[in-house]
Q: 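Dropping a structure here in C-alpha cells format, bear with me for questions.
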Amino acid sequence: MKKLFLIIVVVVALGVLWLMGAYNSLVSGRAGVDRAWSDVEVQYQRRNDLVPQLVSTVQGAANFEKKTLTDVVEARAKATQIQVNPTNAQSLAQFSAAQGELSGALSRLLVSVEAYPQLTATKGFQDLQSQLEGTENRIGVARGDFNAVAAQWNIMITQFPRVVIARFFGFEKAVLFDAQTGSDVAPKIEFDIK
C-alpha cells in the first residue's frame with residue numbers, strides 16, 4: 001500500500017512538472033509572438049518618423065539651391081538692364097548697387113558649388129531613395145519574422161497534448177500578418193519645391 005501511494009505521488013509530481021514545463025513553454029512562445037509583432041511596429045514607426053524628416057531635409061536643400069540660382073538670374077538681369085549715365089551720380093549708384101547684388105548672389109552660389117561640387121539636393125534625393133528602400137526592406141523582414149514566429153506558435157498550441165493546456169489556460173492562436181487595406185502602398189512622397 002505504501003509502495004502504491006509512493007508511485008502515485010511520483011506520477012502526480014511528474015505530471016505537475018510536465019504541466020509546468022508545458023505551460024512555461026506556452027508563455028515563452030506567446031512572449032516571442034508579442035516581441036515579433038513589436039518589431040513590426042517598430043519598423044512602421046521608423047518609417048513614419050524618418051520619411052517626413054528626410055523629405056523636409058531634401059526639400060529644404062532644393063529650395064535653398066533654387067533660391068540661390070533664382071537670385072543669381074534676377075541679379076544678373078537687373079544688372080544688365082540698368083542704363084548707365086556716367087554724368088548722373090544716381091545712375092552710377094544704381095548700377096553699382098545692382099553689380100553688388102549680382103556679386104553677392106554669385107558669391108552665395110560659388111560657396112554652395114565649392115562646398116558641394118554636386119548640388120546638395122541631388123545627393124539628398126539619392127539618400128532619400130536609399131533610406132526609403134532600406135526602410136521598406138526592414139519592414140518586410142520584420143513582417144516575415146513575425147509570421148515565422150506566429151506560425152511556430154500556432155503549431156505549438158495546436159499539437160497534442162499542448163492543445164489541452166493551451167485551451168485550458170486560454171492561449172489563442174496568433175493571427176498572421178495581414179496588411180490592412182491600403183497599408184501595402186508606400187507613403188506618398190511629394191516634393192513641393194517652389
Q: Please check if Val42 and Tyr44 belong to a single hydrophobic cluster, counting links between Ile, Leu, Val, Met, Phe, Trp and Tyr side chain heavy atoms closer than 4.5 Å.
A: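 Hydrophobic grouping puts Val42 apart from Tyr44.
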Q: Would you compute the distance between atom CD of Gln45 and atom OG of Ser38 and round it to the nearest 0.5 angstrom?
A: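 It comes to 11.0 Å.
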Q: Is there a side-chain contact between Met20 and Tyr23 (heavy atoms, below 4.5 Å)?
A: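 Not touching, per the 4.5 Å side-chain cut-off.
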Q: Kindly give the heavy-atom pair with the smallest separation between Gln131 and Leu54, and that separation in Å.
A: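 Nearest pair, atom of Gln131 first, then Leu54: CB-CD1, 3.3 Å.
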Q: Closest heavy-atom contact between Arg46 and Thr135?
A: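 Where Arg46 meets Thr135 most closely, the heavy atoms are NH1-OG1, 2.6 Å.
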Q: Please name the pair of heavy atoms, one in Ala174 and one in Val33, separated by the smallest distance, quoted to 0.1 Å.
A: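 Taking Ala174 first and Val33 second, the nearest heavy atoms are CB-CG1, 3.8 Å.
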Q: Can you tell me how far CH2 of Trp153 sits from OG1 of Thr158, rounded to the nearest 0.5 angstrom?
A: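 The OG1 atom of Thr158 sits 10.5 Å away from the CH2 atom of Trp153.
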Q: So does Gln152 have more than 12 non-hydrogen atoms from other groups sitting under 6.0 Å from CD?
A: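 12 or below, so no.
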Q: Below 4.0 angstrom, N of the basic side chain to O of the carboxylate: do Arg30 and Glu172 qualify?
A: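 Not counted as a salt bridge, because no side-chain N and carboxylate O are separated by less than 4.0 Å.
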Q: Does Val164 belong to the same Ile/Leu/Val/Met/Phe/Trp/Tyr cluster as Met156, with side-chain heavy atoms less than 4.5 Å apart forming each link?
A: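 No, it is not one cluster - the side chains of Val164 and Met156 are not joined through contacts under 4.5 Å.
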Q: Got Val149 and Phe146 here, is their nearest side-chain heavy-atom distance under 4.5 Å?
A: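 A side-chain contact is absent here, since even the closest heavy-atom pair is not under 4.5 Å.
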Q: Let me know which of Val27, Val163, Ile165 forms a side-chain contact (heavy atoms from CB on, under 4.5 Å) with Phe171.
A: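 It is Val27; the other options fail the test.
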Q: Between Ile8, Val10, Leu14, which is the residue that forms a side-chain contact (heavy atoms from CB on, under 4.5 Å) with Val12?
A: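 Only match with Val12 under side-chain contact (heavy atoms from CB on, under 4.5 Å): Ile8.
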Q: Verify the distance criterion only: is there a donor paired with an acceptor across the side chains of Asp49 and Gln53 at less than 3.5 Å?
A: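 No pair is found: no donor N or O on one side chain lies under 3.5 Å from an acceptor on the other.
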Q: Considering all heavy atoms of both residues, which atom of Ala150 and which atom of Leu176 are nearest to each other, and what is their separation?
A: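 It is CB-CD2, 3.5 Å.
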Q: Give, for atom CD1 of Ile155 and atom NZ of Lys173, the distance between the pair rounded to the nearest 0.5 Å.
A: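 It is 9.5 Å, given to the nearest 0.5 Å.
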Q: Going only through I, L, V, M, F, W and Y residues with side-chain contacts under 4.5 Å, is there a path from Phe168 to Ile157?
A: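 Same cluster: Phe168 reaches Ile157 through Ile, Leu, Val, Met, Phe, Trp or Tyr contacts under 4.5 Å.
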Q: Restricting to non-hydrogen atoms, name the atom on Ile139 and the atom on Gln43 that form the minimum distance, rounded to 0.1 Å.
A: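 The pair with the smallest heavy-atom distance is CG1-CB, 3.5 Å.
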